[in-house]
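Report on the structure given below.
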Amino acid sequence: MRNRLPAISVIMSTYNRKSFLSRSIESLLAQSFESFEFILINNGSTDGSDQVCEEYAKRDNRIKLFHIIQNNGAPAGRNKGLELASCDYVTIIDDDDYCEPQMLEFLWNLSNRHHADIAICGSWNDYNGELEPYFVFEDLLVLNKVQGLDELLKREKYNVAPPAKLFRKELFKGINFKENVLVDDIHIIYKVFAKANTVAAKGVPLYRFTKHCGNMTSFIQTNKLSPDLLEEYLAAFHERTLFLSKAVPEITARAKYSEWSYMISMCEKIIKYDLTECMDLFNSMVCALQQHYNEVITCPFTTIKEKELLQQYIAATPNKII
């Protein structure tokens, strides 16, 4: 299989992850599906990760190593990887994670069998060797554009994280990972899904997300929430609603609800954990939910719990707009 032209471009951007990097690279080189090029971006590492990359590049000719002199964040590395990728399909792997040996073969077969623009597998969250199922399910989902976006916004079968997904590369045409942000994938992956005609997903856990304090999204596992991070999420989700309402009008109701649901959950978190530094944003979210109160309370997607929270935080507010 190695004698053929590669079918998949595997993209990994690494920055100062020497303690995880070898395991991640080894898991890719051990794949049962061998027809891939490995675009390895050393994103200005200073801990010796660059030397690890050099050693593996000498060992396996599928590795195409590119050095960025100064670290400009993970999005810059991912964008460079997409620029260098020569195959029709791409997958993006994080430098601290682990791929099961069958992952690429599974995603390739899933994509080809169902003519899918995006193929998705399940995964594990790895907490120091303790594995927790993450988007693991038995059903095979073959979804059209609207259904694929609907599942993305529900976040029950998969989410916006690029790993554990195989993308048709042309979906990224005109779309780059947003740089100089705290979390990059929330800004663009929905745009990629909006260009996909078919999404195939089966929750076989073939990818391991390694959870540690250095994760870009480690805040999800804690009660911490900074105003800057919350503000970025709120702005990104509002932009998502506007974009999808125009690009795929059939998903408008789900997109609006997803934005409102996030606001409600963040209002709850701020009150529950007394996050006083976020109170200005709490008031802004309350104001936005007041303005859309009737829409939110009558939305068919709004849960009983969310309605109760609306009554607690919104309906009881003297200045509510109805």
Side-chain angles (χ1 to χ4, degrees), residues 1 4-11 31-33 35-37 39 78 81-82 85-93 99-100 102-123 134-177 184-207 240-258 301:
M1 189 177 293
R4 302 177 185 175
L5 291 175
I8 298 172
S9 295
V10 177
I11 298 170
Q31 290 291 303
S32 59
F33 185 93
S35 181
F36 64 89
E37 63 175 8
I39 310 296
R78 288 175 169 180
L82 287 169
S86 65
C87 300
D88 291 335
Y89 291 85
V90 299
T91 189
I92 298 171
I93 307 300
C99 305
E100 301 292 351
Q102 303 84 14
M103 189 191 77
L104 289 183
E105 182 176 7
F106 180 88
L107 290 172
W108 177 256
N109 290 338
L110 187 63
S111 176
N112 278 267
R113 189 175 298 123
H114 303 286
H115 306 286
D117 300 301
I118 302 174
I120 305 169
C121 66
S123 55
Y134 192 50
F135 301 121
V136 175
F137 55 92
E138 294 184 1
D139 298 338
L140 168 66
L141 304 180
V142 181
L143 311 171
N144 62 28
K145 185 190 303 292
V146 175
Q147 293 168 332
L149 280 166
D150 193 60
E151 286 292 344
L152 182 72
L153 295 173
K154 287 194 293 186
R155 295 183 297 126
E156 294 176 356
K157 303 296 186 182
Y158 50 82
N159 62 9
V160 297
K165 298 176 179 67
L166 181 68
F167 301 93
R168 195 181 297 274
K169 185 191 172 186
E170 66 183 20
L171 298 178
F172 284 92
K173 186 175 182 180
I175 299 175
N176 290 318
F177 283 94
D184 59 356
D185 48 27
I186 62 172
H187 296 276
I188 76 152
I189 295 300
Y190 67 87
K191 296 179 181 179
V192 176
F193 270 76
K195 295 171 70 175
N197 292 318
T198 304
V199 175
K202 190 171 178 61
V204 179
L206 298 174
Y207 189 90
R240 181 183 68 187
T241 299
L242 296 177
F243 177 91
L244 291 178
S245 297
K246 183 177 180 180
V248 189
E250 302 94 325
I251 203 67
T252 299
R254 175 66 74 182
K256 287 183 176 180
Y257 163 72
S258 185
F301 305 129

request  = Could you tell me whether the side chain of Lys246 and the main chain of Leu242 form a donor-acceptor pair under 3.5 Å?
outcome  =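 Not at all, since once roles are kept as given, no pair shorter than 3.5 Å links the two residues.
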List in chain and number order the residues that pass ring-ring contact (aromatic ring centres under 6.0 Å, His included) with [X], two or more places apart in sequence or in another chain; answer none if no residue qualifies.
X	answer
Tyr134	Phe209
Phe243	Tyr190
Tyr257	Phe301
Phe36	none

Closest heavy-atom contact between [X] and [Y]?
X	Y	answer
Cys87	Pro6	SG-O, 3.4 Å
Gln31	Gln102	OE1-C, 4.0 Å
Ala85	Ile11	CB-CD1, 4.4 Å
Ala7	Trp108	CB-CH2, 3.5 Å
Asp185	Ala161	OD2-CA, 3.7 Å
Leu166	Ser111	CD2-CB, 4.1 Å

Can you tell me how far apart [atom1] ([X]) and [atom2] ([Y]) are? Round to the nearest 0.5 Å.
X	Y	atom1	atom2	answer
Leu104	Ile8	CG	CD1	5.0 Å
Leu244	Leu152	CG	CG	8.5 Å
Phe177	Phe172	CZ	CZ	5.0 Å
Asn159	Leu153	CG	CG	11.5 Å
Leu206	Cys121	CG	SG	5.0 Å
Thr91	Ile118	OG1	CD1	11.0 Å

Discussion item. Applying side-chain hydrogen bond (donor to acceptor under 3.5 Å, both in side chains), can you list everything that pairs with Ser86, at least two apart in sequence or on another chain?
Written reply: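 For Ser86 the side-chain hydrogen bond (donor to acceptor under 3.5 Å, both in side chains) partners, ignoring immediate neighbours, are Glu37.
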Just to verify, what does His187 make a side-chain hydrogen bond (donor to acceptor under 3.5 Å, both in side chains) with, not counting sequence neighbours?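 With sequence neighbours excluded, His187 shows a side-chain hydrogen bond (donor to acceptor under 3.5 Å, both in side chains) to Glu232, given in chain and number order.
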- Task: Would you check, one step at a time, whether the test side chain to side chain contact (heavy atoms under 4.5 Å, CB included) holds for Tyr207 with Met103?
- Result: CA-CA 7 Å; Tyr207 189 90; Met103 189 191 77; 3.6 Å; yes
Does anything in residues 146-158 form a side-chain hydrogen bond (donor to acceptor under 3.5 Å, both in side chains)? List the pairs, not counting sequence neighbours.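 Residue pairs passing side-chain hydrogen bond (donor to acceptor under 3.5 Å, both in side chains), neighbours aside: Asp150-Arg254, Glu151-Lys154.
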(request) Kindly determine whether Arg240 and Ser258 satisfy side chain to side chain contact (heavy atoms under 4.5 Å, CB included), including the steps that lead there. (result) CA-CA 10 Å; Arg240 181 183 68 187; Ser258 185; 2.9 Å; yes
Restricting to side-chain contact (heavy atoms from CB on, under 4.5 Å), what partner residues turn up for [X], sequence neighbours left out?
X	value
Pro205	Trp124, Val136
Glu170	Arg168
Asn109	Glu105, Arg113

- request: Take Cys99 and Ile93, measure what side chain to side chain contact (heavy atoms under 4.5 Å, CB included) needs, and give me the verdict at the end.
  value: CA-CA 8 Å; Cys99 305; Ile93 307 300; 3.9 Å; yes
| said: Assess the residue pair Leu141 and Ile120 against the criterion (side chain to side chain contact (heavy atoms under 4.5 Å, CB included)); give the C-alpha distance rounded to whole Å, side-chain angles, the decisive distance to 0.1 Å, and a yes or no. | reply: CA-CA 10 Å; Leu141 304 180; Ile120 305 169; over 6 Å; no
For residues 191-203, run the donor-acceptor check on the side chains, cut-off 3.5 Å, and write out each pair with its distance to 0.1 Å, sequence neighbours left out.
{"from": "Lys195", "atom 1": "NZ", "to": "Leu171", "atom 2": "O", "distance (Å)": "3.1"}
{"from": "Lys195", "atom 1": "NZ", "to": "Lys173", "atom 2": "O", "distance (Å)": "2.8"}
{"from": "Lys202", "atom 1": "NZ", "to": "Glu138", "atom 2": "O", "distance (Å)": "2.6"}

